[in-house]
Number of protein chains: 2
Amino acid sequence: MDLIQEFEQWVGEDTYIKQVSIDCVIFGFHDNNLKVLLPKLKLDEDLWSLPGGYIGKDESVLDATRRILESRTGLADIYLEQFGVFGELNRNSKDLVKTITNKIGVTTEEHLWVFDRFISLGFYALVEYSKVTPRLNNILDESCDWYSIKELPALAIDHDQIIQKGLETLRIMLDHKLAGFNLLGETFTMKELQKMYETILDKPLRRDNFQRKMLDMDILERLEKQYTGAANKAPYLYKLKTIK
Amino acid sequence: MDLIQEFEQWVGEDTYIKQVSIDCVIFGFHDNNLKVLLPKLKLDEDLWSLPGGYIGKDESVLDATRRILESRTGLADIYLEQFGVFGELNRNSKDLVKTITNKIGVTTEEHLWVFDRFISLGFYALVEYSKVTPRLNNILDESCDWYSIKELPALAIDHDQIIQKGLETLRIMLDHKLAGFNLLGETFTMKELQKMYETILDKPLRRDNFQRKMLDMDILERLEKQYTGAANKAPYLYKLKTIK
DNA sequence: TCAAAAGTGTTGCCATTACACCCATGA
DNA sequence: TCATGGGTGTAATGGCAACACTTTTGA
């Protein structure tokens, strides 16, 4: 099936709600960096976007978001949270979409709805970096990779603002909802946990006090030690206690 | 102009974005009660709803929300915050709208779009109770009044859940954004401020420590004393410092 | 035996809590 | 002068930050 056919099938039928889109800020933690999964668009210029999509007419917003997330990461049951609505008039994706469809070779004007103005619902998702195999959207994407939050590439429309707002919300929610644990594997050392906190909050934390704070919360279960072969005391592995 | 004409004008033309609505939880503080402004629907049964509306095709989401808020309160420049998206499939307003339009006498089927499924954007707003003159929507509403958060009437669809989520978000944001001051007049006594906090958080606070906490924040300007005629020390009036 | 990293005891500080007293007000 | 409520000094508490010491590990 060629791209034009794929495009027709995607937006051709009356399957989606018009003028509403979902944009996902997919956070991963790797190499002591907070990363975001960003597809690169098929354009002559270098431009990236947030992974997003539309809501089916018979699909809940949550299900749509889960579907979009799964289509990009291969993972189901992802932790996600809605953090904003982006509905300014000047957020215009028309030229962008037009350039891409032209490039693909779409000539029909039947699908004007994708050129229309969109209100975007912002969600952030926290995933375990190592479990993700980034997948790209055949029609729109040239590639799909992780980018450090500190070194974001050029982003389409207002997607940089959406990422910033998502990050701010994540920071506020970090202590409040213990959301961060979704970025780590099932087991982790205290050092890994601390690095994750430090990276998200973008500030150093004291090792001794951080350890105590986490242990005092009574949410961690201590497992066996992790012998790395390094010439120092082996750290314990921890896991989140199963919630009562 | 009769109701049918008004209805035609409202939803007849292609002015609004389809399948997206805005629902507003308008909070006011009065009589030591946190209140919500709720219109009562024109139905045989007693049913209330959140004040809401649609987004114009050439109107930003924020402008739409401001317009809706002004149409209900008469106030411009209202403090507002988006707190959630309600997009489940089972949130069905079709029967409700149909009953109301039947009651009005609308027979045309041209405006099917208002019977469609809607994704609702939840906003809460904080207003100064005494400045509001509740206005009702001629077409849908029988009346429009304030109801204590503790004694909410029967609400349509999922509007009770929307109110709860809005209240939870307000509680979290209360300290974080100093949002609560928008519920009070320009000047207020420490007692009024405390009552407002207590009512929103639904728990008692110590008078002495609350006063100190507020003063230590260095956001209040002390004005003249307020002589009420009561046989006790006159409290100072305060106002929010103009932000630097 | 040593360096590096992990784990924890202890101390001091600061912010919040609790108790107290004093002050202002009009009957 | 009394009851009532407002304003603030001060002591007690508890959580957190800082420091230090011990333990563990492989070279």
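Labels below follow one simple rule: chain letters A, B, ... track the order of the sequence lines, proteins then strands, and each chain is numbered from 1.
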Residues in ring pair (Phe, Tyr, Trp, His ring centres under 6.0 Å) contact with [X], at least two apart in sequence or another chain:
| X | answer |
| --- | --- |
| A:Y147 | A:W48 |
| B:F29 | none |
| B:F181 | B:F188 |
| A:F210 | A:Y197 |

Original post:
Between residues 189-197 of chain B and DNA chain D, which residues have a heavy-atom gap below 4.0 Å?
Top reply: B:K191
Between [N] ([atom2]) and [X] ([atom1]): distance, integer Å:
| X | N | atom1 | atom2 | answer |
| --- | --- | --- | --- | --- |
| B:F210 | D:dG5 | CZ | P | 18 Å |
| A:Q226 | D:dT24 | CD | C1' | 15 Å |
| A:R207 | D:dT23 | CZ | C1' | 12 Å |

Subject >> Set of side-chain hydrogen bond (donor to acceptor under 3.5 Å, both in side chains) partners for A:R212, sequence neighbours left out >> reply: none
Nucleotide N/O of nucleotides 12-18 of chain C paired with protein N/O under 3.5 Å:
unit_1: C:dA18; atom_1: N7; unit_2: B:N209; atom_2: OD1; d: 3.3
unit_1: C:dA18; atom_1: N7; unit_2: B:N209; atom_2: ND2; d: 3.2
unit_1: C:dA18; atom_1: N6; unit_2: B:R212; atom_2: NH2; d: 3.4

Under 3.5 Å donor-acceptor pairs involving side-chain atoms of residues 217-224 of chain B, not counting sequence neighbours:
unit_1: B:D218; atom_1: OD1; unit_2: B:K241; atom_2: NZ; d: 2.8
unit_1: B:R222; atom_1: NE; unit_2: B:Y238; atom_2: OH; d: 3.2
unit_1: B:R222; atom_1: NH2; unit_2: B:Y238; atom_2: OH; d: 2.8

Distances for protein N/O vs nucleotides 25-27 of chain D N/O pairs under 3.5 angstrom?
unit_1: D:dT25; atom_1: OP1; unit_2: A:K225; atom_2: NZ; d: 3.3
unit_1: D:dT25; atom_1: OP1; unit_2: A:Y227; atom_2: OH; d: 2.7
unit_1: D:dT25; atom_1: O4'; unit_2: A:N232; atom_2: O; d: 3.1
unit_1: D:dT25; atom_1: O2; unit_2: A:A231; atom_2: O; d: 2.7
unit_1: D:dT25; atom_1: O2; unit_2: A:N232; atom_2: N; d: 2.8

**OP:** Check whether any side-chain N or O of B:R222 sits under 4.0 Å from OP1 or OP2 of D:dT8, and answer yes or no.
**Re:** yes
Original post:
Within the pair B:Q211 and D:dT8, is there a side-chain N or O less than 4.0 Å away from OP1 or OP2?
Top reply: yes
Original post:
Would you call A:E59 and A:R67 a salt bridge, using N to O less than 4.0 angstrom?
Top reply: yes
Original post:
So, are A:K42 and A:E142 salt-bridged, with charged N and O less than 4.0 Å apart?
Top reply: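 Judged by the 4.0 Å cut-off on N to carboxylate O distance, A:K42 and A:E142 do not form a salt bridge.
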Subject >> side chain to side chain donor-acceptor pair (under 3.5 Å) pairs, two or more places apart, involving residues 162-182 of chain B >> reply: B:E81-B:K177
Subject >> side chain to side chain donor-acceptor pair (under 3.5 Å) pairs, two or more places apart, involving residues 225-237 of chain A >> reply: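 Passing the test, one end in residues 225-237 of chain A: no pairs.
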Subject >> Sequence-distant partners of A:R206, salt bridge (Lys or Arg N to Asp or Glu O under 4.0 Å), two or more places apart >> reply: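 Result, salt bridge (Lys or Arg N to Asp or Glu O under 4.0 Å) vs A:R206: A:D208.
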